[in-house]
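Right, one structure below, let's go through it.
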Amino acid sequence: MKYISVAVDGPAGSGKSTITKMVAEKLGYNYVDTGAMYRAITYNFLNNDLKELNEEKVIKFLSTLKFDVKFIDKKQYVLINGEDVSEKIRTAEVSKFTSLFAKSPAVREFLIDTQRNLAKSNNIIMDGRDIASVVLPNADVKIFLTASVEERARRRVLDFERQGITDVNYEKVKEEIKARDYQDENRDIAPLIKVDSAILIDTTELTIDQVVEKMIELIKFKENL
Ligand code: CDP
C-alpha cells in the first residue's frame with residue numbers, strides 16, 4: 001500500500017506544530033514531530049552536562065542512548081532510555097541548546113532513519129527544518145510555513161503566557177528566535193531552506209483555521225490523484 005507523506009518545514013513560531021497537529025487529526029494521519037526528537041536528544045545531553053558542541057562526546061553519548069518513538073492514538077511520544085520525555089523537552093533551555101546540537105552531523109545521522117521509517121507504514125505529516133530537503137525529498141506534498149519575525153515572537157510570548165509564564169520580554173524572545181533562525185539557516189548540514197517544489201504559505205496575516213483549511217485542500221487534492 002502506498003502511504004501519503006506530507007513534509008512541513010519552517011522556522012520557529014511559523015505555526016508549524018499547531019497547524020500540522022490539527023491537519024493530522026482531521027485527516028487521521030500520524031503527526032511526526034521531528035523537533036521533539038532533536039529536543040529529546042538535547043535534553044539527554046544536558047542531563048549529562050554536555051553543553052558544548054563536541055562531536056566526539058556527542059558520538060559517545062549517542063552510542064549508549066536508547067531512543068524510541070511511539071505512537072499512541074496517533075500521538076507521538078519520545079522515549080529516552082525508556083523514559084517518556086515528551087513534556088520535559090519543552091523548556092526554554094532545551095529550545096536554546098537544540099539548535100546547537102542540531103548542527104551535529106552525528107545527531108542528524110542518528111535520527112534520519114527513524115524519521116524515514118515512520119513514513120513507510122502510515123499516512124504521515126512530518127514537520128521540521130529539513131523534511132522536504134533531506135528526510136523525505138519525495139514527499140507527496142511539501143509545504144513551507146513562514147511568518148514575520150515580529151509575529152512569530154508575538155506568538156511565542158502568547159504560548160508562554162498560556163503556560164502561566166508571564167514574565168517574558170517580547171524583545172528578548174524576538175532576539176532568541178532570530179538567533180535560532182540564524183543557526184538553523186546557516187549550518188553546513190541540512191540547513192532550513194524552502195525547496196523549489198514546496199508551496200509557500202506565509203501565516204503572518206492568516207488565522208490557524210485558514211492555514212489548516214488550505215493545507216487540507218492541498219493534501220486532499222493529492223489523495224484523489
Ligand atoms: O517548535 P519550534 O519550531 O520552536 O522548535 P522545534 O520544531 O521543536 O525544533 C527545535 C529545534 O530543533 C529547531 O530550532 C532546529 O534547530 C532543530 N530541528 C532541526 O534541526 N531539524 C528538524 N527537522 C527539526 C528540528
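- For Asn123 (side chain) and Asn30 (main-chain N/O), no donor-acceptor pair under 3.5 Å exists by modelled atom type.
- Cluster partners of Leu158, using a side-chain heavy-atom cutoff of under 4.5 Å among ILVMFWY residues and allowing indirect links: none.
- Between the side chains of Ser104 and Glu55, at least one donor N or O lies within less than 3.5 Å of an accepting N or O.
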Evaluate salt bridge (charged side-chain N to carboxylate O under 4.0 Å, His left out) for Asp130 paired with Arg108, printing each intermediate quantity in order. CA-CA 10 Å; Asp130 61 336; Arg108 304 205 77 87; 3.0 Å; yes

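- Remark: Asp68 engages Lys66 in a salt bridge, criterion side-chain N to carboxylate O under 4.0 Å.
- Under a 4.0 Å N-O distance rule, the pair Glu56/Lys60 does not qualify as a salt bridge.
- Side chains of Arg187 and Ser99: a donor-acceptor N/O pair is absent below 3.5 angstrom, by distance only.
- Using modelled atom types and a 3.5 Å distance limit, the side chains of Thr203 and Arg155 yield a donor-acceptor pair.
- Distance alone, capped at 3.5 Å, is enough to place a donor-acceptor pair between the Thr20 side chain and the Lys16 backbone.
- Using a cutoff of 4.0 Å between basic side-chain nitrogens and carboxylate oxygens, Arg90 and Asp33 are scored as salt-bridged.
- Counted within 6.0 Å of CD on Glu87, heavy atoms from surrounding residues, nucleotides or ligands total 12 or fewer; the atom is thus considered open.
- A donor-acceptor pair shorter than 3.5 Å can be found between the side chains of Thr204 and Asp202.
- Contact check on Arg154 versus Glu151 returns a salt bridge, with a Lys/Arg side-chain nitrogen under 4.0 Å from an Asp/Glu carboxylate oxygen.
- Ion pairing between a basic and an acidic side chain is recognised when a charged N comes within 4.0 Å of a carboxylate O; Lys174 and Glu150 show such pairing.
- A salt bridge is defined here as a Lys NZ or Arg NE, NH1 or NH2 lying under 4.0 Å from an Asp or Glu carboxylate O, and Arg156 with Asp159 meets this definition.
- Salt-bridge annotation for Glu185 and Arg129: absent, with no side-chain N of the basic residue lying under 4.0 Å from a carboxylate O of the acidic one.
- Salt-bridge annotation for Lys103 and Asp188: absent, with no side-chain N of the basic residue lying under 4.0 Å from a carboxylate O of the acidic one.
- With hydrogens and angles disregarded, no donor-acceptor distance shorter than 3.5 Å links the side chain of Arg152 to the backbone of Ser14.
- Within a 6.0 Å sphere centred on CD of Gln163, other residues, nucleotides and ligands contribute more than 12 heavy atoms.
- Lys21 and Glu25 are not joined by a salt bridge, as no carboxylate oxygen comes within less than 4.0 angstrom of a charged side-chain nitrogen.
- Judged as a ring-ring contact (aromatic ring centres under 6.0 Å, His included), and not counting sequence neighbours, Tyr77 has no contacts.
- Aromatic rings from Phe101 and Phe45 are positioned such that their centres are separated by under 6.0 Å.
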